Amino acid sequence: MQKFISLKSIPTYLPIVNIDTDMIIPKQFLKTIKRTGLGKNLFFELRYDEKGKEISDFILNKKPFCNSNILITGKNFGCGSSREHAPWALLDFGITCIISSSYADIFYNNCFKNGILPIVLNEDKIKEISEYSNRKEEISVNLVDQKIIYGNNEISFEIDPFKKKCLLEGLDDIALSLEKSDKIKSFENKVKNQRPWIFND
Amino acid sequence: MPHTLYDKIWNDHLVHEQDDGTALLFVDRHLIHEVTSPQAFEGLRNSNRKVRQPSLTLAVADHNVPTTDRSKGISDQESKIQVETLEANCKEFGIKLFGMNDKRQGIVHVTGPEQGFTQPGTVIVCGDSHTATHGAFGSLAFGIGTSEVEHVLATQTLVQKKAKNFRINVNGKLPLGVTSKDVILQIIGKIGTAGGTGCVIEYAGDLIRSLSVEQRMTICNMTIEGGARAGLIEPDEKIFNYLKGRPMSPKGSTWDRAVEVWSNLNSDDGSHFDKEVSLTAEEIIPMVTWGTSPQDVITIEGKVPNPNTEKDLDKKSSIERSLKYMGLKPDTLAKDIKIDKVFIGSCTNGRIEDLREAAKILKNKKKASHVHAMVVPGSGLVKQQAEQEGLDKIFINSGFEWREPGCSMCLAMNADKLKPEERCASTSNRNFEGRQGRGGRTHLVSPGMAAAAAIAGNLDDVRKYQN
């Protein structure tokens, strides 16, 4: 997994609440057997018309936002389907940081498995930072210090320490869990004794 | 200290816990399908890892399969590759698979319970948000992403943090024609689509206890539409009777031991819930959604909201956006909404009791001539059972198409989809923009309400059609 340490970018502001993962990446693109290549279809129905032509006034189709690495968005972002194709599409497009007042649980977890930092801020601060999108000015995100720097201001954000460590170091959590193989093994033995019906073999 | 059912299952599955509360949780049951698993197997191959416990994973192709004649295979090349990739991966890693032509094939959340793979007190995961369905059996069941699917395959565990306890009590008796679908739609309307975020919901109360196993599955299934990853219900005799004798259920003396353990799965008196909401069953009437979020519910007697009466600006613009997408005028009566299509099926309402409920309304009646209607059974076994009961004849005589099992138009990954601006009364679970096809307009309803809509040609009150 790629590391996330810090980032500087003009943010894109998409003020829609309850953006679901169907909207982030519609089902016809879930037929892939790869993780890559989904960026061109991110927000497909908002970005392209029925004939597949770019909708010119949609923010991510406009400069400089088409090169943005930060997405500021309405509350409950990523609700609905568990599809990890949603963070894959964001990542492939170049978005590695999201700022919202809340996220759906599955999407939130999926971000961390892909080197994407989802930041939670209150609505007032989001409105304040979104001005930098309107003015096309850069903001900075620093995960080490847990800070967003915009103009002469800065604001701290909260993040789970373990999730932070994994992002900063780009850790493979399967490898981390496999280090506990002995514990898993003895747990399995306990299950075989106490709940023998769990193992079908 | 008294514990909730969720606390107990959590504690029973803790392999390891860090000081910060990050836990490694053992997974008893893992379901996979063709859409969210290929990249997980690819990841295993790339890092030269094995599947740790192949017997604890069960695979079935459901999202992409055609619901029409399957004898010639899948015509869509990409869908075909995905289904074939699942077959190849299961073969390579030694995982049991119900292939497209197996009678047991069906939607993963219909097949799991049907086979007895789903069991009380277990941790069940699947790369699909509707995994919450299995919570009806008193299991901790939730949807995961593909990276987590890979993690489960490699380690038989998941890295998790404990969620909050949220209890929803429903007491009383449901009026005639009102179903568990109406109960869960009412709940989502009440708590909102993010109301359960960060929580595991336990459904309790005498109404919940009075529900059949399949009705409970409908409720738990849509828990994710209220923002919670998992919803569960205390298991009881109904659950044990349902599971007894199923192919993957425990047998002989092991069965007796299992029932003994399962009988202790409940929330202790005085256990702590971080959040609690109560509903009265008698006050619930048939529900429909009008907008593009499952929280956009009204009763069949109600009308579509008017954004001008909404003071909150975010909510106002959200209503305006939904009305525009749905092609609806403010204050339109629910019963005046004309429909083009009816879809009966999905992991929410594609089981035998759902089909019986719809067939009861449709018996000796015809669908409206302008409506295109289809029934997609949740599994091959549901289809077979329905045919034995003659339900297929009732649907066909009413003018419905009788299809092969799969996810179908619930998410429209296969050929079953709405055209732009087509309006559908659907027994599925999501009315998101484009969910059933680009520009398609979805109204979520119960199976009986879908049948009533097919007959009337517009959304209508199922209570008028009780045979």
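Predicted model, so just to flag it, every value in this text is computed and none were measured. Convention: sequence-line order gives letters A, B, ...; per-chain numbering from 1.
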In short, B:Ser129 meets A:Ile106 closest at the heavy-atom pair CB-CD1, 4.1 Å
Atom group of A:Lys180 that falls short of 4.5 Å from chain B, counting heavy atoms
side chain
Part of B:Val15 lying under 4.5 Å from any heavy atom of chain A:
both
Is it the side chain or the backbone of B:Leu158 that comes within 4.5 Å of chain A heavy atoms, both, or neither?
neither
Is a side-chain donor or acceptor of B:Arg29 paired with a backbone partner of A:Ile198 at a separation under 3.5 angstrom?
yes
B:Thr22 portion near chain A, given a 4.5 angstrom heavy-atom threshold:
side chain
Using non-hydrogen atoms and a 4.5 Å limit, figure out which bit of A:Ser181 sits close to chain B: side chain, backbone, both or neither.
both
Would A:Ile174 and B:Ser47 satisfy side-chain contact (heavy atoms from CB on, under 4.5 Å), going step by step from the backbone distance to the final call?
CA-CA 10 Å; A:Ile174 297 180; B:Ser47 25; over 6 Å; no
Are the side chains of A:Trp197 and B:Gln119 in contact, using a 4.5 Å heavy-atom criterion?
yes
Which atoms of B:Thr197 approach chain A - backbone, side chain, both or neither, heavy atom under 4.5 Å:
both
Check step by step if side-chain contact (heavy atoms from CB on, under 4.5 Å) holds for B:Val159 and A:Leu176.
CA-CA 10 Å; B:Val159 179; A:Leu176 286 179; over 6 Å; no
A:Lys31/B:Asp76 ion pair, N-O < 4.0 Å
yes
So for B:Cys199, is it side chain, backbone, both, or neither that comes closer than 4.5 Å to the heavy atoms of chain A?
backbone
For the residue pair B:Ala154 and A:Leu178, what are the closest heavy atoms and their distance?
O-CD2, 3.8 Å
Check each atom of A:Gln194 against the heavy atoms of chain B and say whether the ones under 4.5 Å are side chain, backbone, both or neither.
backbone
Using non-hydrogen atoms and a 4.5 Å limit, figure out which bit of B:Arg430 sits close to chain A: side chain, backbone, both or neither.
side chain
Between A:Ser186 and chain B, with a heavy-atom cut-off of 4.5 Å, which part of the residue counts as in contact: side chain, backbone, both or neither?
neither
B:Gln82 versus A:Leu30, closest heavy-atom pair with distance
NE2-O, 2.6 Å
Interchain contact, B:Ser318 with chain A, by part (heavy-atom threshold 4.5 Å)
side chain
Decide side-chain contact (heavy atoms from CB on, under 4.5 Å) for A:His85 and B:Gln39; before the verdict, give the C-alpha distance in whole Å, the side-chain angles of both, and the deciding distance to 0.1 Å.
CA-CA 10 Å; A:His85 307 69; B:Gln39 295 87 349; 3.9 Å; yes
Against chain A, label B:Glu78 side chain, backbone, both or neither, depending on which of its atoms sit under 4.5 Å from a heavy atom there.
both
Residues A:Asp22, B:Arg435: salt bridge by 4.0 Å N-O rule:
yes
Given heavy-atom pairs under 4.5 angstrom as the criterion, report whether the side chain, backbone, both or neither of A:Tyr108 touches chain B.
neither
Is the shortest side-chain N to carboxylate O distance from B:Asp28 to A:Arg195 below 4.0 Å?
yes
Chain A heavy atoms under 4.5 Å from B:Lys417: which part of the residue, side chain, backbone, both or neither?
neither
Can you tell me how the ring of B:His13 sits relative to the ring of A:Phe187, calling it parallel under 30°, perpendicular over 60° and tilted otherwise?
tilted
For A:Ser81, is it the side chain, the backbone, both, or neither that has a heavy atom closer than 4.5 Å to a heavy atom of chain B?
both
Kindly determine whether B:Gln156 and A:Glu188 satisfy side-chain contact (heavy atoms from CB on, under 4.5 Å), including the steps that lead there.
CA-CA 9 Å; B:Gln156 205 55 43; A:Glu188 283 165 343; 4.3 Å; yes
Whatever's closer than 4.5 Å to a heavy atom in chain B on A:Asn109 counts as side chain
Please give me the minimum heavy-atom distance between A:Lys27 and B:Leu411, naming the atom from each residue.
CD-O, 2.8 Å
Please flag which part of B:Arg257 lies under 4.5 Å from any non-hydrogen atom of chain A: side chain, backbone, both or neither.
both
B:Arg52 to A:Ile184 - nearest heavy-atom pair and separation:
NE-CG2, 3.4 Å
Under 4.5 Å heavy-atom distance to chain A, tell me which part of B:Gln436 shows up: side chain, backbone, both or neither.
backbone
Answer with side chain, backbone, both or neither: which region of A:Leu46 has an atom nearer than 4.5 Å to a non-hydrogen atom of chain B?
side chain
Side chain / backbone / both / neither for A:Ala86 at chain B, heavy atoms under 4.5 Å
neither
Under 4.0 Å between a side-chain nitrogen and a carboxylate oxygen: does that hold for A:Lys164 and B:Asp20?
no
A:Val191, A:Thr21, A:Asn114, A:Asp49: which one forms the most heavy-atom pairs within less than 4.5 Å of chain B?
A:Asp49
Largest heavy-atom contact set with chain B, pairs under 4.5 Å, which of A:Gly80, A:Pro161, A:Gly74, A:Ser102:
A:Gly80
Shortest non-hydrogen separation from B:Gly145 to A:Glu84 and the atoms involved:
C-OE1, 3.2 Å
Check this for me: does any side-chain nitrogen of one of A:Arg35 and B:Glu150 sit under 4.0 Å from a carboxylate oxygen of the other?
yes
Given a strict heavy-atom distance threshold of 4.5 Å, which part of B:Thr157 is in contact with chain A: side chain, backbone, both, or neither?
side chain
Counting heavy-atom pairs under 4.5 Å with chain A, the top scorer among B:Val261, B:Thr36, B:Ile224 is B:Val261
